[in-house]
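So that the names make sense, note that chain A is the first sequence line, chain B the second, and so on, each numbered from 1.
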There are 2 protein chains.
Amino acid sequence: MGTPKQFNQMLEKLTQNGLRVTEQRRTLVRIFSDYEGYLSPRDVYNKMAKHYPGVSFDTVYRNLRLLSDMGLLEQLYFMDGRSKFKGCCLPNDHHHHHHLICLHCEKTVPVDFCPMEYDLDLPQNFQIVNHRFEIYGLCEQCQHQAPITKTS
Amino acid sequence: MGTPKQFNQMLEKLTQNGLRVTEQRRTLVRIFSDYEGYLSPRDVYNKMAKHYPGVSFDTVYRNLRLLSDMGLLEQLYFMDGRSKFKGCCLPNDHHHHHHLICLHCEKTVPVDFCPMEYDLDLPQNFQIVNHRFEIYGLCEQCQHQAPITKTS
DNA sequence: CTTGTTGCAAAAACTTTGCACTGTT
DNA sequence: AACAGTGCAAAGTTTTTGCAACAAG
C-alpha cells in the first residue's frame, strides 16, 4: 500500500468532490495511507487523538462514512461483525480481488483468485448480485508472536 | 430444511447438554425448524412475542447465543454487519458447504463448491485458519416482487 | 427440592443527529 | 464573507449483566 502516492491521490479526490481539507481529514487520510490493514473506528479515533487530543468520535464516524462513500476507504464487517475500514487499493491495482486477512494484526494480502470465475453449478433461477470471499489466518509475523485470536 | 425431524433433534440435543426445555426454548427451536432462512434477533423476538407477549429481549439473546454455541444455530454477520441466525443444516448433510443468500427474504441455498479446494496460489507463509464465501442475490420468488435491497 | 431460566431494569458499547461555533476556501 | 466541518451533548440501537422470582427436572 503506497504511502505518499496514495496520500496525495486521496487528498486530491477530496477536493475534487468539493470537500474541504481540514487538519482532521488530512490526518485521517495519513493514517490510512500509512497502514496496510483494517482499523476499527475506535482504532482510528485513538490514532487521531494522538494528534488532536480534542477529536470527537462523531467526527471520526462522519469522515469514515464520507470517505468510504467516496470510495477512498473500504468498509468491511468481519466475520464477528466488527466494523473495519482500510484504505482502498489504488485505482491502478483496482481490478476485482479478494483478501487474506490476518486475525491478529488485521493486515491484508490481496488475492487474485475469484471463486465466481469458476463454474459453480448454481441454481439457474438465482440472480446473483454480489459475493464475498475472505480468507482469515495469521501472517508470518503474527504466527510467532500471536496467541490465536478467535475467528468468530 | 426438515421440520419435525430437525425440531426433535434440536430438543434432544438441548437435554443431552443438560439444558432445560422451557416453553421459550421450545418455541425458539420451533421457529428455526420452521424457517429456512436467516432471522435477526429482533425477528426472532417478534415471532416469539406472538406466543409469549411477555418475552424479554435478553432471553432471546441468551438463548440465541446458547443454541449457536451448542451448534444448533448458525450465526452469520451479513455484509452490512447485521447479526443473523438460522437453524444449522442437519448433521447428515453436515459436510462443508457455503450458501447463496437471498437479499430480500434472506433464505439460503447451500452450495457445494468451496474455493479452498482449488489451488489458490496463496503466499506460503500465511497460515490459514478460516474462510468465508457467500453469494448474495435474489431467489426466484423475490426477483419478481422485490425492490432491490442494498447489499452493503 | 435444587438449580437452571426468566423478566425486569439498568448499563455498556456503538453509531447517529441537532445545534452553535470554528476554520477553509 | 459564505458555508462546510467540528465538537459537544444527547439520543437511538443493539447487546450484555445483576438480581430476585419462577419453573423444570
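- Within the nucleic acid shown, A/Asn63 comes within 4.0 Å of sugar-phosphate atoms alone, with no base atom in reach, counting heavy atoms only.
- Distance A/Phe57 CZ to D/dG7 P: 13 Å, rounded to the nearest Å.
- Rounded to whole angstrom, the span from the CG atom of A/Asp58 across to the C1' atom of D/dA4 amounts to 15 Å.
- Picking from D/dG25, C/dC8, C/dT15 the nucleotide with the shortest atom distance to the side chain of B/Ser56 gives C/dC8.
- Under the 6.0 Å cut-off for aromatic ring centres, B/Tyr118 and A/Tyr118 qualify, their centroids lying closer than that.
- As a whole-Å value, the separation of A/Arg82 CZ from C/dT15 C1' is 17 Å.
- For the pair A/Met48 CE and D/dT6 C1', the computed distance is 10 Å after rounding to whole Å.
- In terms of phosphate contacts, B/Thr22 brings a side-chain nitrogen or oxygen within less than 4.0 Å of OP1 or OP2 of C/dT6.
- In this structure a side-chain-to-backbone donor-acceptor pair under 3.5 Å is present from A/Asp80 to A/Arg82.
- The nearest whole Å value for the distance from the CG atom in B/Leu19 to the P atom in D/dA23 is 19 Å.
- Atom CG of B/Leu66 is separated from atom C1' of C/dG4 by 11 Å (rounded to the nearest Å).
- Of the listed nucleotides (C/dT3, D/dA2, C/dT6), D/dA2 has the atom at the smallest distance from the side chain of A/Arg20.
- Nucleic acid contact class of A/Arg26 (heavy atoms, under 4.0 Å, all strands): none.
- Nearest-nucleotide assignment on DNA chain C puts the 5′-proximal partner with B/Arg62, out of A/Arg62 and B/Arg62.
- Shown here for A/Leu39 and A/Phe32, the closest heavy-atom pair between the two residues is CD1-CE2, 3.9 Å.
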TODO: Let me see the working for B/Phe133 and B/Cys114 under side-chain contact (heavy atoms from CB on, under 4.5 Å), right down to the final yes or no.
DONE: CA-CA 8 Å; B/Phe133 175 45; B/Cys114 175; over 6 Å; no
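- Counting to the nearest Å, the P atom of D/dA4 and the CD atom of A/Glu23 are 20 Å from each other.
- Looking at heavy-atom distances under 4.0 Å, B/Gly18 makes no contact with the nucleic acid at all.
- Rounded to whole Å, atom P of C/dT5 lies 15 Å from atom CG of B/Leu64.
- For the residue pair A/His131/B/His98, the side-chain donor-acceptor check at 3.5 Å is not satisfied.
- For the OP1/OP2 pair of D/dA23 and a distance below 4.0 Å, the side-chain nitrogens and oxygens of B/Gln24 include no atom meeting the criterion.
- B/Arg42 comes within 4.0 angstrom of sugar-phosphate atoms only, judged by non-hydrogen atoms across all strands, and of no base.
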